[in-house]
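Encoded as structure tokens, the structure appears first; notes follow it.
The figures here come from the full heavy-atom set of this structure, side chains too, leaving out hydrogens, waters and symmetry mates.
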Amino acid sequence: MTVTLDRLAGIRTRDPKELLNAVQPRINHLTINVLDGGMTLWDCEIALLLRDHTMVRDMAERVLGNAVMYTIGCMEHPEVHLGVGKLVDIGVHQLILDTPVWWALCDAYNEGRYKHHAPFIERRRDGLCLRTADFLKSIGFHIDEELWAIDGTDCSPCDNKVPDSH
């Protein structure tokens with residue numbers, strides 16, 4: 001008999017680095033040069049951010065960490081309308097673009113369902129970004145207050161144009 005878990009039941013941390021690295025065994029498709037070099041998923045995503053964006057490693061880690069928190073918050077709580085600012089959204093897009101990793105995140109934290117990305121064109125300026133930061137804190141994440149405050153009133157939310165979108 002084979003037993004599969006819908007969620008990562010053994011994970012007790014809200015550390016985004018550990019939460020991201022925990023999905024590595026769920027990756028079914030990955031290019032040959034990424035994990036063969038001994039890199040963790042975290043290090044791989046940081047390397048991709050540094051390759052594609054002008055930022056130092058510390059900033060890339062802050063952006064990715066908060067993007068992981070936001071992504072998992074959206075997946076675990078689809079009933080809550082959340083939004084993210086421009087800076088953290090760079091990390092969210094990094095996760096989405098690395099589709100094997102995105103699928104693994106969906107498998108682990110979204111009960112195996114694909115989480116669509118359906119952004120509005122116009123940004124919201126009603127404080128949703130700050131409310132999202134507060135919500136993430138309420139579910140046990142230690143957010144980077146400075147990153148969320150930068151875009152606090154300029155948010156790029158998604159909606160339900162497609163099922164299970166963030």
Side-chain angles (χ1 to χ4, degrees), residues 5-24 26 40-42 44-46 48-49 53 55 57-99 101-166:
L5 300 175
D6 288 334
R7 291 190 185 253
L8 295 173
I11 300 297
R12 296 181 190 268
T13 182
R14 297 310 293 189
D15 180 314
K17 184 175 183 177
E18 291 180 27
L19 292 166
L20 180 60
N21 285 335
V23 304
Q24 188 164 328
R26 294 173 182 250
T40 64
L41 282 184
W42 179 265
C44 175
E45 298 307 311
I46 293 298
L48 289 168
L49 278 172
H53 300 281
M55 62 177 76
R57 184 174 179 95
D58 176 65
M59 181 58 78
E61 289 185 348
R62 292 170 64 191
V63 166
L64 183 63
N66 283 267
V68 169
M69 292 180 226
Y70 168 77
T71 298
I72 291 174
C74 289
M75 289 179 176
E76 290 178 343
H77 299 278
E79 74 284 0
V80 179
H81 187 70
L82 302 173
V84 68
K86 291 178 185 179
L87 192 52
V88 174
D89 204 27
I90 292 169
V92 174
H93 287 148
Q94 175 54 51
L95 294 170
I96 293 168
L97 288 172
D98 195 346
T99 58
V101 172
W102 185 251
W103 276 99
L105 284 164
C106 291
D107 185 44
Y109 300 109
N110 202 40
E111 299 178 351
R113 295 182 315 270
Y114 184 76
K115 186 74 158 175
H116 292 277
H117 181 58
F120 284 122
I121 302 237
E122 294 293 322
R123 292 189 175 276
R124 289 176 57 161
R125 290 171 175 82
D126 64 356
L128 178 62
C129 194
L130 293 176
R131 290 192 304 276
T132 297
D134 289 340
F135 177 76
L136 294 176
K137 287 190 286 189
S138 79
I139 61 170
F141 285 115
H142 298 287
I143 65 157
D144 186 321
E145 300 275 354
E146 187 177 36
L147 290 186
W148 289 90
I150 288 171
D151 296 314
T153 59
D154 194 16
C155 181
S156 57
C158 297
D159 78 342
N160 61 357
K161 293 179 280 197
V162 294
D164 198 14
S165 65
H166 71 93

| field | Separation between NE2 of His53 and CG of Leu48, rounded to the nearest 0.5 Å | value | 9.5 Å
| said: Please find the pair of heavy atoms, one from Leu20 and one from Glu45, that lie closest to each other, and give the distance. | reply: CD2-CG, 4.1 Å
| message | Which label fits Tyr114 and Trp103: parallel for a plane angle under 30°, tilted from 30 to 60°, or perpendicular past 60°? | response | tilted
| Can you check whether His117 reaches His93 side chain to side chain, under 4.5 Å on heavy atoms? | yes
| remark: When every non-hydrogen atom of Gln94 is compared with those of Leu49, the smallest separation belongs to CB-CD2, 3.9 Å
| Criterion side chain to side chain contact (heavy atoms under 4.5 Å, CB included) on Leu147 and Met59, from CA distance to verdict | CA-CA 10 Å; Leu147 290 186; Met59 181 58 78; 3.9 Å; yes
| query | What are the two closest non-hydrogen atoms of Gly65 and Pro16, and how far apart are they? | reply | O-CB, 3.4 Å
| field | Gap between atom CG of Leu82 and atom NE2 of His77 - 0.5 Å precision | value | 9.0 Å
| task | For residues Trp102 and Lys115, report the shortest heavy-atom separation together with the two atoms involved. | result | NE1-O, 3.1 Å
| field | Donor-acceptor pair, side chain of Thr71 and main chain of Val68, under 3.5 angstrom | value | no
| Hey, what do you get for CD1 (Ile46) to NZ (Lys17), rounding to the nearest 0.5 Å? | 8.5 Å
| Smallest separation among heavy atoms of Asn21 and Thr40, with atom names | OD1-CB, 3.3 Å
| field | Asp126 backbone acceptor or donor facing Arg131 side chain under 3.5 Å | value | yes
| Between CD1 on residue Ile72 and CD1 on residue Ile139, distance to nearest 0.5 Å | 9.0 Å
| request: State whether the side chain of Thr132 and the backbone N or O of Gly83 hold a donor-acceptor pair below 3.5 Å, judged by distance alone. | output: yes
| Any residue meeting ring pair (Phe, Tyr, Trp, His ring centres under 6.0 Å) with Trp42, in chain and number order, not counting sequence neighbours | none
| query | Which atoms form the tightest heavy-atom contact between Leu105 and Met75, and what is the distance? | reply | O-SD, 3.6 Å
| Would Leu95 and Tyr70 count as a side chain to side chain contact (heavy atoms under 4.5 Å, CB included) if you check the C-alpha gap in whole Å, the side-chain angles of each, and the deciding distance to 0.1 Å? | CA-CA 11 Å; Leu95 294 170; Tyr70 168 77; over 6 Å; no
| message | Restricting to ring pair (Phe, Tyr, Trp, His ring centres under 6.0 Å), what partner residues turn up for His142, sequence neighbours left out? | response | none
| said: Does any part of the side chain of Leu87, heavy atoms only, come nearer than 4.5 Å to the side chain of Arg62, both counted from C-beta? | reply: no
| task | Give the C-alpha distance, both sets of side-chain angles, the deciding distance and a yes or no for salt bridge (charged side-chain N to carboxylate O under 4.0 Å, His left out) between Asp134 and Lys137. | result | CA-CA 5 Å; Asp134 289 340; Lys137 287 190 286 189; 3.5 Å; yes
